Amino acid sequence: MSEARKPKSSRDGFGEGLLEAGRADERVVVLCADLTDSVRAGWFKREFPERFFSLGVSEQDMMGTAAGLALGGKIPFACTFSAFAAGRVWEQIRVSLCYMKLDVKIGASHGGITVGEDGATHQALEEIAILRSLPNMTIVVPADADEARRATVQAVTYPGPVYIRTSRNSVPFVTGGDEAFQIGRAAILRQGDDITLIACGQLVYQALEAAKVLAARGIEARVVNMHTIKPLDEEAVLAACRDTGAVVTCEEHTIIGGLGGAVAEVVCKKCPVPVEMVGTRDVFGVSGSPTELLHVFELDADAIVRAAERIIQKKQ
Amino acid sequence: MSAKKTDTASLKKKAQQLRRDILAMLCEAGSGHPGGSLSLVELIVGLYFHALRHRPGDPQWAGRDIFILSKGHGCPALYAALADCGYFPKEELKTLRRLNSRLQGHPQRGLPGIEASTGSLGQGLSIANGIALAARLDRLDRRVYCIMGDGEIQEGQIWEAALTAGHYKLDNLCGIIDNNGYQIDGRIEDTKNLAPIADKWRSFNWHAIEIDGHDIGQVIAAYDEAGTIKGKPTMIVARTVKGKGISFMECDNKWHGVAPSEDEFRKAIEELNN
């Protein structure tokens, strides 16, 4: 942990990763649908103007154009807000990307409730569920800016479509700068034997904070950074079940079909233990500051502590 | 591209041959889309036997032009042309729509000659744009062709893509509309009118050419003209007849998605042989 560093948004890490990937591989091209600087693709655009394509406010066309560029030998990153990067273009992703297993990467910023003041229309809380159902799809939700940068660079050589969901707001760093990162392999950020908190995105930070509170109350929580929702690191989930006997999933997404759903599918098939899900509960978001919203929608460290205490009672 | 001399009489024969193959495939399969396959035969013949630079024995040849059939349901016409060119054995046409066949109900990349999987309407033109942009980036002398149905261009994504191609001045791109006037629900003008089609494309900064899509001479002349247009993409609006060539299928929309029976097949072949 490098707590001395100033908090940073994972979309910043994504933008840095794009630049790094672009410098390393000239096949990398970037497409944007009118939100170039917001999604942090502006840095790439200014360094590689020839390899940047503005598609205007046309997300469906952006996905299809990206598919064509991939067929033409490029490695396109199609970028927009998470609220528009999946639902609006799900069928284009299904047929034009996943069915052909094309190397198109989707840079989806502004994920989750922490988009904040823009409110419900802009708070993507469902897209992981709908994307997860697509064959050939890979979904990564980085925990911090460093991890977002690494995921972006790694996505270039990872086969098939990859959806990278980042956040608008600044979040403390939770992953080490030189730590090995691998798409599809979860990272244990804290050891513990009493319960496991499996988190993704910025709720990894909340889970680590919750683990501190739990430790003070005599509960040692393992914290797993499940940055890749699909393919899910089943071994990490099963190890958590075997070693700690109870799991709390933590995500900035509905508890229907996201990380919680993915973990529960594995747990109930292969190693049933009590599971509690921290996430939004089949509701739309509202306007507010990220901190307020994390609190009101019960996604913060306090909520994770409560969930852990509830479920630890059910442990055999 | 340089206009090459093509014998239109032999292309007419080729078109009739493909019609026979299409009907045989559909009859054998027992399902599929005869109407919209028969309407685009000359458009496909003009591509595979005149306009496209391609090597059937080397489907991934780097110097090839690219064709995307955005109206994927017309694939029997494409499969027939690909088999005739030698991309795969003609015998394989009989496997259309069968379990484990490479000839899926809608085209799937993986079958030699199929550049993109299509079938959900409205997605092909964006893909063609992307291929054209990639070719430009690589400074390739590649042309990209994309056939759409007229009903298909009711999809919003088509018009997003139309703006993109116009904006990027994709003169290596040639779109073709198989304007047979029908969609599943009936006549297009009764369902959701598209007229004036060519003017719509012109207003989106495309060069538009209107032709009789069954006149092979006009078809290849249009492809040749598209190759000379600089600074904008070209859209060929080809007036066609749904079910073209078979009297009892022409302009009868019940043949959108029903395969001919053995009797109907025999009658159809008789007409084509006359």
Side-chain angles (χ1 to χ4, degrees), chain A residues 22 25-34 44-45 48-78 80 84 88-106 134-136 160-161, chain B residues 59-60 62 64-68 70 72 104-111 114-140 142-146 148 155-170 172-173 204:
Chain A
D25 191 332
E26 64 173 22
R27 294 173 303 166
V28 171
V29 298
V30 173
L31 301 87
C32 279
D34 207 36
F44 181 99
K45 176 186 177 178
F48 303 108
E50 274 202 359
R51 285 151 59 192
F52 176 86
F53 300 100
S54 169
L55 273 295
V57 190
S58 306
E59 293 82 6
Q60 300 173 44
D61 181 44
M62 174 168 73
M63 291 304 167
T65 307
L69 281 157
L71 287 167
K74 306 300 171 193
I75 299 173
F77 281 77
T80 182
F84 318 126
R88 192 179 192 106
V89 292
W90 183 84
E91 218 242 331
Q92 282 74 18
I93 294 174
R94 176 176 182 265
V95 177
S96 291
L97 307 190
C98 290
Y99 188 38
M100 289 193 270
K101 201 178 180 184
L102 293 181
D103 284 327
V104 173
K105 319 303 169 181
I106 301 171
L134 292 174
N136 296 331
Chain B
Q60 294 303 308
R64 73 193 188 281
D65 293 328
I66 304 279
F67 169 61
I68 306 289
S70 191
Q104 291 288 295
H106 291 82
Q108 185 183 18
R109 194 161 165 259
L111 176 68
I114 299 296
E115 302 281 1
S117 303
T118 53
S120 171
L121 296 178
Q123 299 195 24
L125 187 59
S126 299
I127 293 174
N129 284 345
I131 295 171
L133 285 168
R136 175 182 286 180
L137 210 49
D138 290 338
R139 297 184 168 74
L140 293 178
R142 162 173 284 166
R143 293 193 59 73
V144 184
Y145 298 85
C146 176
M148 289 151 273
E155 288 282 5
Q157 188 184 346
I158 291 288
W159 299 100
E160 294 183 359
L163 285 172
T164 298
H167 177 79
Y168 283 99
K169 302 180 168 52
L170 294 178
N172 52 350
L173 174 76
F204 277 65

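Quick note on labels: first sequence line is chain A, next is B, and so on, each numbered from 1. Bear in mind the structure is a predicted one, so any value in this text is a computation, not a measurement.
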Looking at every non-hydrogen atom in both residues, tell me the closest pair between [X] and [Y] and how far apart they are.
X: A:L71; Y: B:E115; result: CD2-O, 3.6 Å
X: B:I127; Y: A:S96; result: CD1-OG, 3.5 Å
X: B:S117; Y: A:V95; result: O-CG1, 4.3 Å
X: A:D61; Y: B:S126; result: OD1-OG, 2.6 Å

Worksheet item: Side chain, backbone, both or neither: which part of B:A128 has a heavy atom under 4.5 Å from chain A?
Response: neither

Worksheet item: For B:A116, is it the side chain, the backbone, both, or neither that has a heavy atom closer than 4.5 Å to a heavy atom of chain A?
Response: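 When you check distances to chain A, atoms from both the backbone and side chain of B:A116 fall under 4.5 Å.
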
Between [atom1] of [X] and [atom2] of [Y], what distance do you get to the nearest 0.5 Å?
X: A:R94; Y: B:Q123; atom1: CZ; atom2: CD; result: 9.5 Å
X: B:Q157; Y: A:E59; atom1: CD; atom2: CD; result: 11.0 Å
X: A:E26; Y: B:L137; atom1: CD; atom2: CG; result: 8.5 Å

Worksheet item: Among B:G156, B:G124, B:A132, B:S120, which residue forms the greatest number of heavy-atom pairs with chain A at distances under 4.5 Å?
Response: B:S120

Discussion item. Quick check on A:L31 against chain B: is it the side chain, the backbone, both or neither that has a heavy atom closer than 4.5 Å?
Written reply: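 Neither part.
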
Discussion item. Counting only non-hydrogen atoms closer than 4.5 Å, does A:E91 touch chain B with its backbone (N, CA, C, O), its side chain (CB onward), both, or neither?
Written reply: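 Both backbone and side chain.
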
Please examine the side chains of [Y] and [X], heavy atoms only from C-beta on, and report whether any two atoms are closer than 4.5 Å.
X: B:D138; Y: A:K74; answer: yes
X: A:F53; Y: B:N129; answer: no
X: A:Y99; Y: B:Q108; answer: yes

Practice prompt. Count the heavy atoms belonging to other residues, nucleotides or ligands that lie under 6.0 Å from CZ of B:R136, then report whether that count exceeds 12.
Written response: yes

Worksheet entry | Residue selection (most heavy-atom pairs with chain B, distance under 4.5 Å) from A:P76, A:G56, A:S54 | A:S54

